[in-house]
Peer 1: 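Mind having a look at this structure? Questions to follow.
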Amino acid sequence: MQDVKILPGEILVANHISYIDIFYLAAKFAPTFVEIGDNGTVSPISTWKAIADVGLTPKKDLKNLNGLSLEELASKLKTSGGGPIVVFPEGTTSNGRGLLKFLPVLNSLDLSKFRIQLIGLKYEFEEFSPSFTVGSKLFHMFGLLSQFGNFLEVKQLPVDEVRETPNNQKIAELSNGEDLVTNKIGTLLSQMLRIRRLGLGRDDKSDFLEYYSENTSRKKIKSK
């Protein structure tokens with residue numbers, strides 16, 4: 001990825017595949033990571049909490065997260081001279097083959113007032129996938145270190161392309177009730193990565209992991 005100057009309060013929007021994403025972005029940009037509520041508000045969290053949360057069943061008590069809007073947090077960091085904000089709009093990790101449904105964190109964001117950088121992350125590997133959705137991070141890291149090659153491809157979309165106002169044809173296509181800005185950024189990110197957007201989101205992943213955990217527990221009880 002070509003080095004681009006990142007300004008205080010700048011918003012870095014990225015897809016989320018693994019805890020490795022956080023290591024990379026933290027080392028590259030020294031940003032503020034955020035937890036996203038179902039209502040689209042955000043709450044700043046530390047880098048280590050962001051890493052620790054990867055692989056946990058997504059919380060279901062974030063419907064009314066008592067946080068700030070993304071614009072409010074970006075304005076505060078811009079005024080105080082803080083770093084950029086990293087936003088994973090999917091709210092959880094995916095397997096990297098598609099973009100999960102975005103949370104409303106980007107809804108109605110004024111693209112003319114805030115600098116938005118889109119960062120697309122894609123992993124190339126031999127046998128053991130860097131994607132991490134659930135399980136032991138230690139075991140997963142051992143698997144990665146045991147194979148010869150792990151490669152992270154990073155793509156970035158220029159700010160000017162993100163700021164372009166969507167045309168009327170795009171507005172007409174929003175039949176799923178999705179916010180115009182969210183649709184625009186999701187579409188651009190999927191095009192960058194050449195993957196499709198999915199109708200499933202964070203809550204669907206949470207439901208699946210809960211079902212998987214219960215089913216696994218029952219099998220263990222029966223086998224005793």
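Below, all heavy atoms of this structure are taken into account, side chains as well, without hydrogens, waters or symmetry copies.
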Peer 1: Can Val13 be reached from Leu111 by stepping across I, L, V, M, F, W or Y side chains whose heavy atoms are under 4.5 Å apart?
Peer 2: yes

Peer 1: Provide the closest heavy-atom pair for Leu193 versus Lys122 in the form atom of the first, atom of the second, distance.
Peer 2: O-NZ, 3.0 Å

Peer 1: Hey, is the main chain of Asp110 close enough, under 3.5 Å, to the side chain of Glu71 for a donor-acceptor pair?
Peer 2: yes

Peer 1: Can Asn107 and Thr182 be counted as having a side-chain donor-acceptor contact under 3.5 angstrom?
Peer 2: yes

Peer 1: To check you understand the geometry: which heavy-atom pair defines the closest contact between Arg197 and Ser190, and what is its length?
Peer 2: CG-CB, 3.8 Å

Peer 1: Go through the steps to decide whether Ile20 and Asn150 satisfy the test side-chain contact (heavy atoms from CB on, under 4.5 Å), and finish with yes or no.
Peer 2: CA-CA 11 Å; Ile20 300 172; Asn150 295 290; over 6 Å; no

Peer 1: Step by step, work out the side-chain contact (heavy atoms from CB on, under 4.5 Å) result for Phe114 and Ser75.
Peer 2: CA-CA 9 Å; Phe114 297 92; Ser75 296; 3.6 Å; yes

Peer 1: Tell me whether Asp53 contacts the main-chain N or O of Ala50 through its side chain, where contact means a donor paired with an acceptor under 3.5 Å.
Peer 2: no

Peer 1: Determine yes or no for a side-chain-to-main-chain donor-acceptor pair under 3.5 angstrom, with Gln147 supplying the side chain and Glu127 the backbone.
Peer 2: yes

Peer 1: Please list, chain by chain and in numerical order, all residues satisfying ring-ring contact (aromatic ring centres under 6.0 Å, His included) with Phe102, sequence neighbours excluded.
Peer 2: none

Peer 1: Which pair of heavy atoms, one from Phe88 and one from Ile36, lies closest together, and at what distance?
Peer 2: O-CD1, 3.3 Å

Peer 1: If I take atom CG from residue Leu198 and atom CD from residue Glu90, how far apart are they, to the nearest 0.5 angstrom?
Peer 2: 8.5 Å

Peer 1: To the nearest 0.5 Å, what is the distance between CD1 on Ile185 and CG on Leu157?
Peer 2: 10.0 Å

Peer 1: Rounded at 0.5 Å granularity, tell me how far OG in Ser129 sits from CD1 in Ile17.
Peer 2: 8.0 Å

Peer 1: Any link between Ile45 and Trp48 through a network of hydrophobic side chains (Ile, Leu, Val, Met, Phe, Trp, Tyr) touching at under 4.5 Å?
Peer 2: yes

Peer 1: Taking all heavy atoms of Pro44 and all of Leu73, pick out the closest pair and write down the distance.
Peer 2: CG-CD1, 4.0 Å

Peer 1: Provide the closest heavy-atom pair for Gly186 versus Leu99 in the form atom of the first, atom of the second, distance.
Peer 2: O-CD1, 3.8 Å

Peer 1: Please answer: with hydrophobic residues joined when any side-chain heavy atoms are less than 4.5 Å apart, are Met141 and Leu25 in the same cluster?
Peer 2: yes

Peer 1: Working to the nearest 0.5 Å, report the span between CD1 of Ile116 and CD1 of Ile85.
Peer 2: 9.0 Å

Peer 1: Any chain of hydrophobic side-chain contacts (each under 4.5 Å) joining Tyr123 to Ile51?
Peer 2: yes

Peer 1: Could you pull out all residues at least two apart from Tyr19 that satisfy ring-ring contact (aromatic ring centres under 6.0 Å, His included)?
Peer 2: Phe132, His140

Peer 1: When you compare the side chains of Ser94 and Lys205, does any donor N or O come within less than 3.5 Å of an acceptor on the partner?
Peer 2: no

Peer 1: Go through the steps to decide whether Lys28 and Val154 satisfy the test side-chain contact (heavy atoms from CB on, under 4.5 Å), and finish with yes or no.
Peer 2: CA-CA 12 Å; Lys28 183 76 174 177; Val154 182; over 6 Å; no

Peer 1: Please round to the nearest 0.5 Å and tell me the distance separating atom CG of Leu106 and atom CG of Asn183.
Peer 2: 11.5 Å

Peer 1: How long is the straight-line distance from CD of Gln117 back to CD of Glu10, given to the nearest 0.5 Å?
Peer 2: 4.5 Å

Peer 1: With Lys184, which of Leu188, Thr187, Val181, Leu180 fulfils side-chain contact (heavy atoms from CB on, under 4.5 Å)?
Peer 2: Leu188

Peer 1: Would the number of heavy atoms belonging to other residues, nucleotides or ligands and lying under 6.0 Å from CZ of Phe142 be above 12?
Peer 2: no

Peer 1: Between Met192 and Val162, is there a shared hydrophobic cluster once you connect ILVMFWY residues whose side-chain heavy atoms come closer than 4.5 Å?
Peer 2: yes

Peer 1: For the residue pair Leu189 and Ala14, what are the closest heavy atoms and their distance?
Peer 2: CD2-C, 4.2 Å

Peer 1: Considering only heavy atoms from C-beta outward, does the side chain of Arg202 approach that of Asp38 to under 4.5 Å?
Peer 2: yes

Peer 1: Are Leu109 and Ile11 close enough, and set up right, to give a side-chain contact (heavy atoms from CB on, under 4.5 Å), and what steps lead you there?
Peer 2: CA-CA 11 Å; Leu109 188 66; Ile11 301 170; 4.1 Å; yes

Peer 1: Are more than 12 heavy atoms from other residues, nucleotides or ligands located less than 6.0 Å from atom NZ of Lys78?
Peer 2: no

Peer 1: Taking everything shown except Leu145 itself, do over 12 heavy atoms lie less than 6.0 Å from its CG?
Peer 2: yes

Peer 1: Do you know which of Leu121, Ile22, Leu100 makes side-chain contact (heavy atoms from CB on, under 4.5 Å) with His16?
Peer 2: Ile22

Peer 1: Got more than 12 heavy atoms from elsewhere within 6.0 Å of NZ, Lys113?
Peer 2: no

